[in-house]
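Read the structure below first, then the notes.
The figures here come from the full heavy-atom set of this structure, side chains too, leaving out hydrogens, waters and symmetry mates. What you are looking at is a predicted structure, and each value in this text was computed from that prediction instead of being measured.
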Amino acid sequence: MELRTIRTLLWKKEKIMIETVTALLLFLNGSMIEHVYKPDLGACLKSKRIASRELNPERVVFKCKIVKAKIEEEPDSKYGFRIVKVLDE
């Protein structure tokens, strides 16, 4: 069995939790198209500042916000969690 397949099977067994977390949200034309877990507001603001410099700020809007979201553990990610779905904006 391929390593990627094993990782996918293990990943699907992980428990999804509903938590209040800090997230970096990306809006395009008024609708949220991306959300990224951040461990705290400082890390979120740093990522927002870097991303705003690289993209056209007229078309996209970045927001750091504390949101209620479905999250799951993801050991391969930088902070160990991934936002599955934002439940409130």
Side-chain angles (χ1 to χ4, degrees):
M1 192 178 255
E2 195 175 286
L3 179 61
R4 181 178 213 127
T5 307
I6 294 170
R7 186 180 299 154
T8 303
L9 291 173
L10 292 173
W11 179 70
K12 287 182 180 179
K13 288 183 181 180
E14 291 295 321
K15 188 174 170 184
I16 294 178
M17 303 166 280
I18 297 176
E19 298 282 335
T20 301
V21 297
T22 303
L24 176 60
L25 307 174
L26 171 62
F27 292 87
L28 177 65
N29 299 327
S31 63
M32 184 174 52
I33 61 169
E34 185 70 34
H35 40 70
V36 180
Y37 172 84
K38 295 295 174 183
D40 56 39
L41 192 57
C44 187
L45 291 171
K46 181 179 178 182
S47 296
K48 177 184 173 187
R49 194 169 44 250
I50 292 168
S52 295
R53 289 182 195 153
E54 293 182 13
L55 294 177
N56 183 357
E58 295 171 8
R59 295 192 57 205
V60 296
V61 177
F62 292 96
K63 290 184 183 179
C64 287
K65 195 169 180 184
I66 297 173
V67 296
K68 190 173 187 178
K70 287 183 181 180
I71 63 168
E72 66 183 359
E73 286 187 46
E74 188 171 280
D76 295 337
S77 69
K78 184 174 182 178
Y79 299 113
F81 292 99
R82 179 177 83 89
I83 295 176
V84 177
K85 183 177 181 179
V86 174
L87 301 175
D88 65 346
E89 285 182 46

Gap separating the NZ atom of Lys70 from the CE atom of Met17, nearest 0.5 angstrom = 13.0 Å
When rounded to the nearest 0.5 Å, the distance separating CZ of Phe81 from CD of Glu72 is 10.5 Å
Flag the pair Cys64 / Lys48 as yes when at least one side-chain heavy-atom distance between them is below 4.5 Å, and no otherwise.
-> yes
State yes or no: do [X] and [Y] share one hydrophobic cluster built from I, L, V, M, F, W and Y residues joined by side-chain heavy-atom distances below 4.5 Å, directly or via other members?
X	Y	result
Ile33	Phe27	no
Ile83	Tyr79	yes
Met32	Val21	yes
Leu26	Ile50	no
Leu24	Leu28	yes

Scan for side chain to side chain donor-acceptor pair (under 3.5 Å) pairs involving residues 33-47, sequence neighbours excluded, and state none if there are none.
-> Lys38-Ser47
If you look at every heavy atom in Cys44 and Ala23, which pair is closest and at what distance?
-> SG-O, 3.6 Å
